[in-house]
Amino acid sequence: MSTKKLLILPGDGIGPEVMREVARVTAWLSRKRDITFEIDEDLVGGASLAEYGVPIRDEVIEKARTADAVLFGSVGDPAWSHVGFDKRPEVAILKLRQELGLFANLRPAKVFDALVDASTLKADVIKGLDIMIVRETVGGIYFGEPRGIETLPNGEKRGINTEVYTTSEIERVARVAFDLARKRNNSVCSVEKCNVMESGLLWKEVVTDLHAREYSDVKLSHMLADNCAMQLVRNPAQFDVIVTGNLFGDLLSDLASMLTGSLGMLPSATLGAVQEDGRRPALYEPIHGSAPDIAGQGIANPIAQILSFAMLLRYSFDLQTEADMIEAAVAAVLATGLRTADIMSPGLARVGTDVMGEAIVRELDKM
Ligand code: NAD
């Protein structure tokens with residue numbers, strides 16, 4: 001493999017703490033698998049505000065553009081809650097998504113056997129669960145025009161948002177879902193509300209056409225979004241890949257993540273369009289935030305960050321074996337009974353961030 005450029009942006013709060021544990025894994029890859037990266041690291045969020053007065057510098061966005069993949073920690077710092085919305089630490093991630101054109105958010109919801117009791121659902125409903133939600137992230141009702149709050153002639157006010165999708169916006173995110181399904185269990189469920197929304201009707205038509213043209217080997221089903229919410233709780237194992245728009249994806253991916261128990265366990269990826277030179281902008285990050293309530297205490301769970309790195313290896317660098325190994329090492333450590341505070345159960349061994357990171361690398365060493 002040619003040397004790949006990796007940009008690491010730890011950010012604020014627990015971001016740098018959990019990112020330190022990824023460094024153990026990259027060191028292991030170099031030591032044991034002869035895989036090295038050209039790694040650059042920079043400041044974002046409150047850390048960048050403190051040093052440079054902005055949540056993210058143009059220079060960092062440029063670095064992200066030319067990197068083969070970006071591994072992001074989390075941003076958000078109560079010390080900056082007094083500044084205007086456009087200067088908050090969180091602007092860093094929003095700007096990166098926008099500038100790199102990251103339109104497809106991938107959220108796996110996978111249940112590790114050892115954590116099956118951490119979910120609020122019954123063990124037999126979620127055991128072995130492994131689903132992937134693909135959410136469109138730059139279109140739909142959060143960005144559609146017209147939008148705003150207007151005052152009507154009678155003095156009453158009216159709030160307006162518009163759900164808009166074009167053929168190409170739907171096709172590109174559906175393509176991501178079909179391609180992913182081919183590497184998983186070959187099944188896609190497309191979710192909209194075509195019974196009451198024209199944008200949903202178009203969504204269904206475009207996905208159906210694309211499937212017939214290019215992906216007829218993949219099993220395709222359609223489901224209304226309200227039914228999907230119900231089915232995710234009733235029988236989540238029926239799904240492999242779910243593809244949906246921005247609004248429904250926002251809700252359904254949060255619902256699906258809670259099937260697995262803890263925020264500290266869940267990775268994500270956001271992908272852009274494949275460029276002319278074959279590269280695809282991609283950013284990987286845990287779904288949790290900077291957790292200011294526990295920052296600096298050395299107790300944060302580093303697994304979501306480490307699994308985000310495993311996703312990066314899988315989807316940006318096609319290192320399937322190494323990604324599988326990291327996921328297996330996480331499962332093995334959990335099976336030994338080690339737990340960070342957020343996933344602790346009575347009778348198990350409570351450990352801090354660094355001990356969890358070390359234990360994962362020890363399991364990797366055994367493989
Ligand atoms: P949060 O995810 O930071 O924390 C929610 C709760 O989960 C907290 O009690 C926290 O201690 C716990 N938690 C989260 N990650 C954990 C981990 N790895 N190990 C153990 N416990 C963990 O969400 P929040 O409190 O709503 O937000 C805090 C800050 O993070 C805010 O400024 C918010 O804007 C920001 N945020 C950033 C991102 C991002 O960078 N993409 C995402 C979400 C929130």
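We're numbering straight along the sequence, starting at 1.
The existence of a salt bridge linking R280 and D68 is excluded, since no basic side-chain nitrogen approaches an acidic carboxylate oxygen closer than 4.0 Å. In summary, R24 and E358 engage in a salt bridge, as defined by a charged side-chain N under 4.0 Å from a carboxylate O. Taking 4.0 Å as the cut-off between side-chain N and carboxylate O, R279 and D277 count as a salt-bridged pair. Using a 4.0 Å cut-off between charged nitrogen and carboxylate oxygen, R97 and E285 count as a salt-bridge pair. Salt-bridge annotation for D240 and K219: absent, with no side-chain N of the basic residue lying under 4.0 Å from a carboxylate O of the acidic one.
Within 6.0 Å of CG on D34 lie no more than 12 heavy atoms contributed by other residues, nucleotides or ligands. Atom NZ of K32 has more than 12 heavy atoms from other residues, nucleotides or ligands within 6.0 Å.
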Under the criterion salt bridge (charged side-chain N to carboxylate O under 4.0 Å, His left out), I'd like the reasoning laid out for R20 against D354: C-alpha separation, chi angles, the key distance, then a yes or no.
CA-CA 8 Å; R20 271 197 287 279; D354 54 350; over 6 Å; no
Would Y315 and Y284 count as a ring pair (Phe, Tyr, Trp, His ring centres under 6.0 Å) if you check the C-alpha gap in whole Å, the side-chain angles of each, and the deciding distance to 0.1 Å?
CA-CA 10 Å; Y315 296 116; Y284 300 82; 7.2 Å; no
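Only one option out of L7, L29, T3 pairs with F37 in a side-chain contact (heavy atoms from CB on, under 4.5 Å); it is L29.
Figure legend: cation-pi geometry between R135 and F248 absent, as NZ or CZ is not positioned both under 6.0 Å from the six-membered ring centre and within 45° of its axis.
Checking Q320 against D318 by side-chain atom types alone, a donor-acceptor pair falls below 3.5 Å. With hydrogens and angles left out, the side-chain atoms of Q231 and N227 include a donor and acceptor closer than 3.5 Å. Side-chain atoms of D179 and Y215 include a donor-acceptor pair closer than 3.5 Å. Side-chain contact check for S190 and H211: no donor-acceptor pair (N or O, by modelled atom type) lies under 3.5 Å.
Between E163 and S199, the shortest heavy-atom distance links the atoms CG-OG, 3.0 Å. The minimum heavy-atom distance linking V75 with G45 is given by the pair CG1-CA, 3.5 Å.
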